[in-house]
Amino acid sequence: MVALTAEKQDQNLLSRMAAGDGHGENSAYFDGWKAYEENPFHPINRPDGVIQMGLAENQLCGDLMRKWVLEHPEASICTAEGVNQFSDIAIFQDYHGLPEFRQAVAKFMEKTRNNKVRFDPDRIVMSGGATGAHETVAFCLANPGEGFLVPTPYYPGFDRDLRWRTGVNLVPVTCHSSNGFKITVEALEAAYENARVSNIPVKGLLITNPSNPLGTTLDRDCLKSLVNFTNNKGIHLIADEIYAATTFGQSEFISVAEVIEEVPHCNRDLIHIVYSLSKDMGLPGLRVGIVYSYNDRVVQIARKMSSFGLVSSQTQHLIAKMLSDEDFVDEFIRKSKLRLAARHAELTTGLDGLGIGWLKAGAGLFIWMDLRNLLKTATFDSEMELWRVIVHKVKLNVSPGGSCHCNEPGWFRVCFANMDHKTMETALERIRVFTSQLEEESLKQTKPMAAPTMMAKKKMCWQSSLRLSFKDTRRFEEGFFSPHSPVPHSPLVRAQI
Amino acid sequence: MKQLSTKVTSNGHGQDSSYFLGWEEYEKNPYDEIKNPNGMIQMGLAENQLCFDLIESWLAKNPDAASLKRNGQSIFKELALFQDYHGMPEFKKAMAEFMEEIRGNRVTFNPKKIVLAAGSTSANETLMFCLAEPGDAFLLPTPYYPGFDRDLKWRTGAEIVPIHCSSSNGFQITESALQQAYQQAHKLGLKVKGVLVTNPSNPLGTALTRRELNLLVDFITSKNIHLISDEIYSGTMFGFEQFISVMDVLKDKKLENTDVSKRVHVVYSLSKDLGLPGFRVGAIYSNDDMIVSAATKMSSFGLVSSQTQYLLSALLSDKKFTSQYLEENQKRLKSRQKRLVSGLESAGITCLRSNAGLFCWVDMRHLLDTNTFEAELDLWKKIVYNVKLNISPGSSCHCTEPGWFRVCFANMSEDTLDLALKRLKTFVESTDCGRMISRSSHERLKSLRKKTVSNWVFRVSWSDRVPDER
């Protein structure tokens with residue numbers, strides 16, 4: 001009998017789930033995070049460190065939050081003003097959640113959808129963040145081996161959240177840059193057929209709206225076509241709407257909740273929303289995830305499952321108080337959108353000035369950057385190579401499109417809402433240096449004598465263009481560098497944090 | 001094709017059990033001293049409500065922790081963003097030290113081996129996902145906490161095979177019971193991955209003896225399987241004996257840093273010892289790095305709120321507070337348990353001698369009409385609907401002998417406890433008289449009626465419900 005090595009013995013004692021890769025963290029994508037963790041940027045202590053642009057966090061309104069908390073000690077069950085509620089809240093573990101919490105969350109969800117729909121507090125089910133919500137929905141709607149259709153590119157965490165412990169499959173719905181990555185019925189049908197051929201019974205379609213990583217919102221017609229598609233197939237529609245309040249500028253967010261009112265024949269038992277306060281309110285640490293289902297049985301069972309990830313009653317109490325302060329909430333949403341717009345403009349203006357393309361979108365905490373022209377070959381190997389350069393040499397942790405299952409190499413998700421203005425400037429400067437190095441090398445080969453002067457001029461132009469709102473998106477390969485623009489200073493760009 | 005998963009359409013959540021039905025009845029008609037004095041008293045909820053005053057007074061003296069500040073400055077923003085699944089280092093350190101203190105500082109816990117979870121509910125499920133394939137089995141001594149049917153089996157697909165314990169030896173775990181359970185699993189075609197024990201036990205209220213712990217460690221060593229020790233009641237030990245953890249036994253047997261120690265895992269929580277179930281603070285402690293790593297990643301599905309981690313790291317780091325709390329907690333639990341036990345005794349009811357926990361394991365076998373679970377359920381229904389006490393029937397805890405009930409004592413005021421005992425005594429006395437009559441034949445019953453017996457005896461019959469009017 002062959003003796004097992006110690007590691008093999010270990011693995012036999014663990015489940016396949018624990019010993020395997022289902023958590024997704026062995027993906028190369030995490031190398032960027034590791035690089036950041038080993039050498040995180042700090043303006044004073046580590047000015048050469050890696051800048052984290054791979055973390056979709058909304059840090060722009062933390063000051064408003066902090067101020068509210070300081071001004072409302074009664075929202076805490078620990079302060080003198082709130083401690084009379086301590087014991088009641090501390091023992092409250094009812095998986096229905098505090099009624100005032102559910103009411104406040106329902107109200108907030110309505111506000112972030114411009115009050116165009118009503119949400120029933122009794123359908124609000126808690127979960128351990130959106131992470132927990134997605135897993136719960138998967139457990140409720142699908143058996144192991146069954147699948148969900150998911151438009152690409154999609155949030156890499158779905159591979160873990162929806163599949164790891166549930167045994168459910170994800171079947172990609174391929175979207176293309178040729179039409180701005182919009183979801184088409186043809187793509188849906190193709191994916192559905194692929195699943196059939198692979199013997200994966202499709203139980204639902206999962207959309208993220210606004211999209212991560214694209215930052216785009218679905219328009220009304222598209223949403224209707226998705227509702228019709230799922231309705232006709234008798235499959236579920238799960239709408240992850242965690243970025244609902246991050247729309248800015250002209251962008252409008254339309255929730256699936258609104259659209260089903262316009263599709264009267266829609267079977268509402270198939271409609272479910274995943275929500276969270278992590279992005280809209282910038283509170284990922286508080287772990288407030290929500291499953292909102294129009295299916296009574298799903299609400300019932302998801303609620304029982306929520307025992308595995310209830311929201312801390314201390315947090316429920318705080319959130320109930322905070323979200324009931326309608327003046328605060330209105331002001332918060334308004335300011336958040338303004339600040340997001342400003343930081344977005346700062347990044348995109350900078351990229352425009354460098355001739356770097358990005359997908360036009362008006363939501364989310366990131367942009368979908370187009371670096372296809374920088375790839376040596378239109379392959380994912382080439383994308384990984386470029387990404388490693390960006391992480392290790394340019395020292396920016398961005399997310400490569402391959403990690404989001406994008407079908408075209410060369411796209412990168414770049415987050416902008418998790419840093420201050422100075423850090424953003426530093427990041428842009430690093431990108432400028434990088435692209436100009438690339439250009440210099442290219443110029444040296446084509447116009448060796450003129451190269452230094454041309455590069456110096458470009459640097460000046462770029463620095464002044466940073467202060468301007470800029471619309472020219474011509475690509476880098478044309479060798480064009482945007483001139484000083486006549487467009488007046490945008491008030492959004494001047495917004496300060 | 002079915003639209004919902006089998007997890008939804010089946011009863012795997014276990015909530016159709018009588019354990020949970022009693023709760024639902026309580027929700028419909030909850031006792032309140034002033035507003036609803038005839039309502040149902042909740043004695044089915046293992047909560048520790050005896051020491052909130054200690055925590056509240058600590059909060060008053062520690063305004064920084066109470067208002068999420070550090071050195072007078074609000075750190076709300078930082079807490080709002082903290083979602084690292086490794087957890088707050090200072091919190092894990094404080095948890096580790098608290099766990100050590102409960103064990104008399106005889107053993108050490110490395111904070112890096114602690115994985116935080118959303119309550120022990122989540123911790124136990126996560127461990128199952130890490131250790132068992134669907135269809136694998138864990139052996140559990142009966143009676144056991146009804147929630148395990150959901151926590152260990154529902155979404156994981158794991159199975160539970162009972163280790164039958166009997167009242168003949170105070171429900172202690174024996175070697176033959178362990179072996180029988182192991183063989184039973186094999187007969188059922190199930191691969192046994194480990195044993196899970198609750199120490200101190202829910203529902204028994206007793207701590208495992210050193211003999212039992214040694215037996216368990218020897219058993220898992222010989223079978224090369226895991227041992228999960230759910231020690232969430234470790235801080236509720238109020239007996240003369242000190243709490244012996246499985247970690248003590250590993251140390252005493254010099255098994256630390258061996259392969260065996262890698263297969264022993266402890267589950268902890270602050271829901272019982274500190275009485276904070278709403279805060280959802282659970283933990284897994286494992287010596288196996290791979291398990292710590294996998295469980296840490298899985299904790300993404302149920303992290304502890306950063307706001308809660310911060311508050312509790314400050315609370316548990318205050319050693320003066322923790323030692324005072326543990327001592328006072330134990331005193332109050334002991335006193336409350338004594339009150340329940342003597343109240344039951346005056347009603348002619350005995351309990352398993354307990355030294356821990358928030359409940360007693362009460363022997364009502366003599367009140368059963370027949371030695372069957374049907375009779376137990378009948379008795380339970382009377383106690384719930386007529387006596388208006390929600391207690392947990394032994395069958396819901398998979399006890400193999402009918403007539404045992406778990407009765408909680410730490411989730412109510414003394415007055416409420418006294419009232420509950422009074423109601424129970426009245427019920428028992430009426431039932432006793434009823435039983436006396438039932439021993440006679442039907443004819444003797446008729447002739448008894450002719451005798452001069454106080455009227456109220458005639459209104460009582462074992463086949464009728466005790467009247468609602470009190």
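The figures that follow rest on heavy atoms only: side chains count, while hydrogens, waters and symmetry mates do not. Protein chains get the first letters and strands the later ones, always in sequence-line order, with residue 1 at the start of each.
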Considering only NZ, NE, NH1 and NH2 on the basic side and carboxylate oxygens on the acidic side, decide whether Asp53(B) and Arg332(B) come within less than 4.0 Å. yes
Taking side chain as everything from C-beta outward and backbone as N, CA, C, O, which of these in Leu274(B) sits under 4.5 Å from a heavy atom of chain A? Side chain, backbone, both or neither. neither
What residue, out of Ala18(A), Ala142(A), Gly22(A), Ser87(A), has the most heavy-atom pairs lying under 4.5 Å from chain B? Ser87(A)
Would you mind checking which part of Phe92(A) comes under 4.5 Å of any heavy atom in chain B, side chain (CB onward), backbone (N, CA, C, O), both or neither? backbone
Cationic N near anionic O, under 4.0 Å, Glu125(B) to Arg155(B): yes
Gap separating the CG atom of Leu98(A) from the CD atom of Gln316(A), nearest 0.5 angstrom: 4.5 Å
Largest heavy-atom contact set with chain B, pairs under 4.5 Å, which of Leu310(A), Asp94(A), Leu277(A), Asn295(A): Leu310(A)
Looking at Leu162(A), Thr166(A), Val291(A), which hits side chain to side chain contact (heavy atoms under 4.5 Å, CB included) with His134(A)? Leu162(A)
With sequence neighbours excluded, tell me which residues meet side chain to side chain contact (heavy atoms under 4.5 Å, CB included) with Lys297(B). His23(A), Glu25(A), Trp164(A), Tyr85(B), Ser293(B)
With a 4.5 angstrom heavy-atom cut-off, could you sort out which part of Val311(A) is near chain B: side chain, backbone, both or neither? backbone
Sort Glu57(A) into side chain, backbone, both or neither according to what part of it lies under 4.5 angstrom from a heavy atom of chain B. side chain
If one checks every heavy atom of Ala132(B) against chain A at 4.5 Å, the contacting part turns out to be backbone
Using a cut-off of under 4.5 Å on heavy-atom pairs, state which of Glu133(B), Glu78(B), Glu56(B), Met128(B) scores highest against chain A. Glu133(B)
Hey, could you give me the CD1/NZ distance between Ile291(B) and Lys262(B), rounded to the nearest 0.5 Å? 9.5 Å
Taking atom CD1 of Ile235(A) and atom CG of Leu141(A), what is their separation to the nearest 0.5 Å? 11.0 Å
One should read off an interatomic distance between Ser300(B) OG and Asp84(B) CG, to the nearest 0.5 angstrom, of 9.5 Å
Is it the backbone or the side chain of Leu79(B) that comes under 4.5 Å from a heavy atom of chain A, or both, or neither? backbone
Does Asn257(B), at its CG atom, have more than 12 non-hydrogen atoms belonging to other residues, nucleotides or ligands within less than 6.0 Å? no
Is Ile55(B) close to chain A through its backbone or its side chain, or both, or neither, when contacts mean heavy atoms under 4.5 Å? side chain
Which bit of Asn48(B) is near chain A, if near means a heavy-atom gap under 4.5 Å: side chain, backbone, both or neither? neither
Measure the spacing between OG of Ser269(B) and CG of Leu116(B) and express it to the nearest 0.5 Å. 11.5 Å
Need one label for Thr315(A): side chain, backbone, both or neither, based on atoms under 4.5 Å from any heavy atom in chain B. both
What option among Ile77(A), Asp161(A), Asp269(A) has the most heavy-atom pairs under 4.5 Å with chain B? Asp161(A)
Flag for Ser312(A)-Thr308(B): side-chain donor and acceptor within less than 3.5 Å: yes
Does a donor on one side chain and an acceptor on the other come within less than 3.5 Å for Gln300(A) and Arg297(A)? yes
Residue pair Thr79(A) / Ala66(B): nearest heavy atoms and the distance that separates them: CG2-O, 3.8 Å
Counting only heavy atoms closer than 4.5 Å, note whether Trp154(B) contacts chain A via side chain, backbone, both or neither. side chain
Turns out that what part of Arg263(B) lies under 4.5 Å from chain A's heavy atoms comes down to side chain
Between Cys130(B), Ala295(B), Gly282(B), Ala294(B), the one whose heavy-atom pairs under 4.5 Å with chain A are most numerous: Cys130(B)
Name the region of Ala80(A), side chain, backbone, both or neither, that has any atom closer than 4.5 Å to a heavy atom of chain B. neither
Sort out for me which of Arg165(A), Arg287(A), Glu135(A), Met305(A) touches chain B most, counting heavy-atom pairs under 4.5 Å. Arg165(A)
Using a cut-off of under 4.5 Å on heavy-atom pairs, state which of Gly309(A), Gly289(A), Cys140(A) scores highest against chain B. Cys140(A)
Using non-hydrogen atoms only, which part of Val83(A) is less than 4.5 Å away from chain B: side chain, backbone, both, or neither? both
Contacting moiety of Pro277(B), where chain A heavy atoms sit under 4.5 Å: both
Return yes when atom NZ of Lys67(A) has more than 12 non-hydrogen atoms of other residues, nucleotides or ligands closer than 6.0 Å, and no otherwise. no
With a 4.5 angstrom heavy-atom cut-off, is it the side chain or the backbone of Met281(A) that approaches chain B, or both, or neither? neither
Need one label for Pro73(A): side chain, backbone, both or neither, based on atoms under 4.5 Å from any heavy atom in chain B. neither
With a 4.5 angstrom heavy-atom cut-off, could you sort out which part of Gln309(B) is near chain A: side chain, backbone, both or neither? neither
Asp64(B) meets the side-chain hydrogen bond (donor to acceptor under 3.5 Å, both in side chains) criterion, sequence neighbours left out, with none
So which part of Phe82(B) gets closer than 4.5 Å to some heavy atom of chain A, the side chain, the backbone, both or neither? backbone
Under a 4.5 Å heavy-atom cut-off, does chain A meet the side chain of Phe52(B), its backbone, both or neither? side chain
